Trainee: 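I'd like to ask you about the structure that follows.
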Amino acid sequence: MRVRALKDILLQLKNAADASGRPEPRLLAVSKTQDATAVAELADAGQRAFGENYVQEAAAKRAALADRGLEWHLIGHLQSNKAREAADLFDWVQTVDRPKLVEALARHRAGDRAPLNVLIQVNIDDEASKHGCQPDDVPALAQAIAAQPRLCLRGLMVIPTPHADPERRRPALARTRALFDALRTGHPTADTLSMGMSDDFAVAIAEGATMVRIGTALFGARKSRESGVGNRES
Ligand SMILES: *Cc1c(COP(=O)(O)O)cnc(C)c1O
């Protein structure tokens, strides 16, 4: 079932990329609320990168699947007091949105590991309820990250305001793309634009996403704990 969904999504990503003349994006399989067995099933089918919203939940799955060589991404909001654990558990943190977190992650990333890949989360629609920095804050935050040898600045992540019609997300996605292009001129390591989810990945790819984060379309509806798309406290 899930393996079929994976193949189907990969084909849809390719088609969306071809239709808009963009390179194929990487797929991040969002496995929050799904158990380790579900993750293992996709790993067996070749999926390597998995996204989790909660540090505790990710720790358990990572431990259960330690021998698989998977790549774990934190896509939920991170409190500074969990930065130590996150810096150890994850290969990527996609939700860096303030200088304090940059310092904490850099301090706790062990010297014998590869640098922690980080994305700056931008609150592109300026929603009071959302995490993420303001677009104007990106250059300073990028400088702060680039100054940390234990971190590697890889790009930007956004969660635009949901709309029943994904076309209505397009302007926000296009603004993010412009921000990303500006970022890259000064930061050559920034190669990743993480945007697009189950209901809007085609539009996001057309606007230049290089990584899409897909949960529901791969695993089916989430269990009760997290009904909607969110970026809640880790
Ligand atoms: C849950 C979540 C997703 C996946 O959303 P789906 O609509 O299930 O594909 C992507 N990004 C973030 C930040 C999420 O919290």
Side-chain angles (χ1 to χ4, degrees), residues 4-32 42 46-51 53 71 73 75 92 94-97 117-127 130-136 138-139 142 153-222 228-231:
R4 208 200 155 87
L6 174 65
K7 296 219 161 92
D8 192 49
I9 287 289
L10 289 172
L11 184 63
Q12 289 183 55
L13 298 186
K14 185 180 184 315
N15 289 342
D18 288 349
S20 52
R22 300 276 191 183
E24 246 175 273
R26 275 192 89 191
L27 171 62
L28 181 71
V30 175
S31 46
K32 63 182 173 212
L42 290 193
Q47 176 62 27
R48 184 147 180 270
F50 291 88
N53 287 53
E71 186 182 289
H73 294 232
I75 59 171
W92 292 60
Q94 298 205 4
T95 51
V96 172
D97 61 359
N117 295 297
V118 302
L119 300 182
I120 297 173
Q121 184 182 354
V122 184
N123 187 352
I124 196 68
D125 286 313
D126 196 15
E127 290 176 276
K130 285 264 175 75
H131 297 290
C133 72
Q134 292 299 308
D136 286 349
V138 169
L153 176 64
R154 297 298 295 270
L156 302 179
M157 182 273 224
V158 285
I159 311 171
T161 309
H163 288 294
D165 175 6
E167 271 301 322
R168 293 195 51 200
R169 286 184 160 202
R170 190 184 288 272
L173 297 165
R175 286 200 304 280
T176 310
R177 173 69 200 202
L179 264 182
F180 179 61
D181 288 342
L183 175 71
R184 287 168 80 176
T185 61
H187 296 278
T189 59
D191 58 1
T192 303
L193 179 53
S194 169
M195 59 185 194
M197 304 186 284
S198 290
D199 57 356
D200 68 349
F201 64 81
V203 182
I205 292 167
E207 293 301 330
T210 71
M211 181 184 288
V212 293
R213 309 178 307 264
I214 296 188
T216 315
L218 271 178
F219 292 103
R222 277 185 283 279
V229 168
N231 185 219

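Numbers here simply count residues along the sequence, with the first being 1. Note that the structure is predicted; figures quoted are calculated from it, not measured.
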Trainee: For a 4.5 angstrom cut-off between non-hydrogen side-chain atoms, does Leu13 reach Ile214?
Mentor: yes
Trainee: Taking all heavy atoms of Pro25 and all of Ala17, pick out the closest pair and write down the distance.
Mentor: CD-CB, 4.4 Å
Trainee: Which pair of heavy atoms, one from Gly132 and one from Asn123, lies closest together, and at what distance?
Mentor: O-CB, 3.7 Å
Trainee: Just jot down the side-chain contact (heavy atoms from CB on, under 4.5 Å) partners of Asp136, sequence neighbours excluded, or say none.
Mentor: none
Trainee: How close do Asn53 and Lys32 get, counting heavy atoms only, and between which atoms?
Mentor: OD1-CD, 3.1 Å
Trainee: Tell me, please, which residues at least two apart from Arg177 pass salt bridge (charged side-chain N to carboxylate O under 4.0 Å, His left out).
Mentor: Asp181
Trainee: Mind checking whether Ile205 and Val212 have side chains closer than 4.5 Å, heavy atoms only?
Mentor: yes
Trainee: Using a 4.5 Å cut-off on heavy atoms from C-beta on, say whether the side chain of Ile75 contacts that of Leu28.
Mentor: yes
Trainee: Kindly give the heavy-atom pair with the smallest separation between Gln121 and His131, and that separation in Å.
Mentor: NE2-O, 3.5 Å
Trainee: Which residues satisfy the side-chain hydrogen bond (donor to acceptor under 3.5 Å, both in side chains) test with Ser31, sequence neighbours excluded?
Mentor: Glu52
Trainee: Could you check whether any side-chain heavy atom of Leu156 comes within less than 4.5 Å of a side-chain heavy atom of Ile124, counting everything from C-beta outward?
Mentor: no
Trainee: Going by the rule side-chain hydrogen bond (donor to acceptor under 3.5 Å, both in side chains), which residues pair with Thr161 if we only count those two or more places apart in sequence or in a different chain?
Mentor: Asp125, Glu127
Trainee: With sequence neighbours excluded, what pairs up with Gln94 under the side-chain hydrogen bond (donor to acceptor under 3.5 Å, both in side chains) test?
Mentor: His73, Ser194
Trainee: Suppose we screen for ring-ring contact (aromatic ring centres under 6.0 Å, His included). Which residues come up paired with Phe201, at least two apart in sequence or across chains?
Mentor: none
Trainee: Using the salt bridge (charged side-chain N to carboxylate O under 4.0 Å, His left out) rule, collect all pairs that involve residues 7-16, keeping only residues at least two apart or in two chains.
Mentor: Lys14-Asp18
Trainee: When you measure from the side chain of Glu207 to the backbone N and O of Thr176, does any donor-acceptor pair fall under 3.5 Å?
Mentor: no
Trainee: Check step by step if side chain to side chain contact (heavy atoms under 4.5 Å, CB included) holds for Ile159 and Arg213.
Mentor: CA-CA 10 Å; Ile159 311 171; Arg213 309 178 307 264; 3.7 Å; yes
Trainee: For Glu71, check salt bridge (charged side-chain N to carboxylate O under 4.0 Å, His left out) against everything at least two apart and list the hits.
Mentor: Arg26, Arg48
Trainee: Testing the basics here: between Cys133 and Ile120, what is the closest heavy-atom pair and its distance to 0.1 Å?
Mentor: SG-CG2, 3.7 Å
Trainee: So which atom in Ser198 and which in Ala217 form the shortest heavy-atom distance, rounded to 0.1 Å?
Mentor: OG-N, 3.0 Å
Trainee: Please list, chain by chain and in numerical order, all residues satisfying side-chain contact (heavy atoms from CB on, under 4.5 Å) with Pro162, sequence neighbours excluded.
Mentor: Lys130, Arg169
Trainee: Tell me which donor-acceptor pairs under 3.5 Å the side chains of residues 182-190 have, and how far apart each pair is, sequence neighbours excluded?
Mentor:
from, atom 1, to, atom 2, distance (Å)
Thr185, OG1, Ala182, O, 2.7
Thr189, OG1, Leu153, O, 2.7

Trainee: Which residues satisfy the salt bridge (charged side-chain N to carboxylate O under 4.0 Å, His left out) test with Arg154, sequence neighbours excluded?
Mentor: Asp191
